[in-house]
Protein chains: 2
Amino acid sequence: MAGESSELKKAGLKVTHPRRQILRLLETTEQKHMTADDIYRALVDRGEEIGLATVYRVLSQFEAARLVRKHVFDDGTGRSQQACYELDEGEHHDHMVCLESGEVVEFFDEAIERRQEEIAREHGFEIVDHSMVLYVKPKK
Amino acid sequence: MAGESSELKKAGLKVTHPRRQILRLLETTEQKHMTADDIYRALVDRGEEIGLATVYRVLSQFEAARLVRKHVFDDGTGRSQQACYELDEGEHHDHMVCLESGEVVEFFDEAIERRQEEIAREHGFEIVDHSMVLYVKPKK
DNA sequence: CTAGTTGCAAAAGATTTGCAGACGT
DNA sequence: ACGTCTGCAAATCTTTTGCAACTAG
C-alpha cells in the first residue's frame, strides 16, 4: 500500500484518485507552498484528469484533517487574495516572504514563541493558533 | 478648518465629501477595525450618500498615503476573506483576535520586534513589513 | 476651467455549491 | 448496492474598473 493511502484512511477519507494525487504532489514537489490553482495546473499538466473545484474541496478536507496548512500571504502590493497550502509535517514554523523574488523561507524561534504565549496570558487568553509573516527584501 | 482636511491635504488628496466622511468615521468610531462594507454601511445608515466602490477606492488611497493600515485576519474557521482597516496612528502594533468573541486586542513587544529583525538579518534579508496575529480564546 | 473624483453598473478573480453521474469499499 | 466523491457549470463574495457626470481649487 502506497504511503498516501494510510494517511488518508487515518484521516477518515476514502482513498480516491484526486486525493491521492494531491497528497502525493505536495509530498514530492520542491515548491513547498502552492495555491489551489498551482496544484490544479501541475496535475493537469502531468496528464491527470481533475477539476479545480475538487482541488479546493480536497484541500479543505486536508486542512480539517490537519494534513495541510493554509496560508494567505500578502504580495506586499496588497493584491494577492490567494491562499497557498503546504504539507503539515507536525512541527510548527513561521514564514518570511521576499517581496522581490517571492521566495518563502521558513523559520522557528523559541524565544518569540515563548513571548507570544506570555503576552496572550497577560491579557487573559491562551493561544489557539497564530500566524507571523515577515515581508522582507535582500539586505543591500 | 476641521482636523481631517489638513491630513488629507498633507497626503496630497483633494478634500472631498467621501474622503472626509471616511476619515472622520475611522477617527471617531469605537470599533477600531472595520471592513470596507462596515464603513459603507455605517455611513449610509447615518444618511450619507456614498458608493461602496468609492469606499474601496478611498481606503486604498489612504493606505498608500499611510493614513490607514489594512489587515486580513482569518476568522479561525478559515472563511473571512474580508480585509479590515484601522487608522494608522504611527506607532506599530500587532494583534490578538479572540476566536470566541471576535474581540481584537492590540499589543507591542519590544523583544519580539528585535528578534524578528535579527532573524531576517541572519537570513540575509531586511524587514520591509510584517504581520503577526495571535488567534486566542479566553483562558479557562 | 479642468484635472481629479464619484456613483453606478459591469467585470474580475478566488472559492463554493448544486447536481447527476462515477467510484470506492 | 450504497453512500461518498467528482467534474462541470453556475453561483457567491469581495474587490476592481469603465465611464459619463460632478466638483474642488
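To find a chain, count down the sequence lines: A is the first, B the second, and so on, and within it residues start at 1. All values reported here derive from a predicted model rather than from experimental measurement.
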Using the benzene-type ring in the case of Trp, are the ring centres of A/Phe73 and A/His71 under 6.0 Å apart?
-> yes
Is A/Asp109 salt-bridged to A/Arg115, going by a charged N under 4.0 Å from an acidic O?
->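 So A/Asp109 does not pair with A/Arg115 through a salt bridge.
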Of all the heavy-atom pairs spanning B/Gly102 and B/Val97, show the shortest one and how long it is.
->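 Smallest heavy-atom distance, with atoms named: O-CG1, 4.4 Å.
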Minimal heavy-atom distance between A/Glu113 and A/Asp94, with the atoms involved, is OE2-OD2, 3.1 Å
Between [atom2] of [N] and [atom1] of [X], the distance in whole Å:
X: B/Gln61; N: C/dT6; atom1: CD; atom2: P; answer: 6 Å
X: A/Tyr40; N: D/dC8; atom1: OH; atom2: C1'; answer: 10 Å
X: A/Arg19; N: C/dA22; atom1: CZ; atom2: C1'; answer: 14 Å
X: A/Leu59; N: D/dC5; atom1: CG; atom2: C1'; answer: 15 Å
X: B/Leu43; N: C/dT6; atom1: CG; atom2: P; answer: 13 Å
X: A/Glu48; N: D/dT6; atom1: CD; atom2: P; answer: 13 Å

What string of B, S and - do you get for nucleotides 19-25 of chain D, 5' to 3', when a contact is any protein heavy atom under 4.0 Å?
-> -----BS
Are any protein N/O atoms closer than 3.5 Å to N/O atoms in nucleotides 10-15 of chain D? If there are, list each pair with its distance.
unit_1	atom_1	unit_2	atom_2	d
D/dT14	O3'	B/Gln81	O	3.4
D/dT15	OP1	B/Ala83	N	3.0
D/dT15	OP2	B/Tyr56	OH	2.2
D/dT15	O5'	B/Tyr56	OH	3.3

Side chains of B/His123 and A/Glu103: do they bring a donor and an acceptor to under 3.5 Å?
-> no
Counterpart residues, salt bridge (charged side-chain N to carboxylate O under 4.0 Å, His left out), relative to A/Glu100 (two or more places apart) = none
Name all residues meeting the salt bridge (charged side-chain N to carboxylate O under 4.0 Å, His left out) criterion together with B/Glu91; count only those two or more places apart in sequence or in a different chain, and write none if there are none.
-> none
Ring geometry between A/Phe108 and A/His92 (parallel below 30°, tilted from 30 to 60°, perpendicular above 60°) |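 Answer is perpendicular, since the angle exceeds 60°.
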Which salt bridge (charged side-chain N to carboxylate O under 4.0 Å, His left out) pairs, counting each pair once, include a residue from residues 27-46 of chain B, with sequence neighbours left out?
-> B/Lys32-B/Glu106, B/Asp37-B/Arg41
Taking five pairs at each end of the helix from C/dC1-D/dG25 to C/dT25-D/dA1, what angle separates the two helix axes (nearest 10°)?
-> 30°
Spell out, as yes or no, whether a donor-acceptor pair under 3.5 Å connects the side chain of A/Tyr85 to the backbone of A/Leu59.
-> no
Spell out, as yes or no, whether a donor-acceptor pair under 3.5 Å connects the side chain of B/Arg66 to the backbone of B/Asp88.
->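 Flag not set: sc B/Arg66 to bb B/Asp88 has no pair under 3.5 Å.
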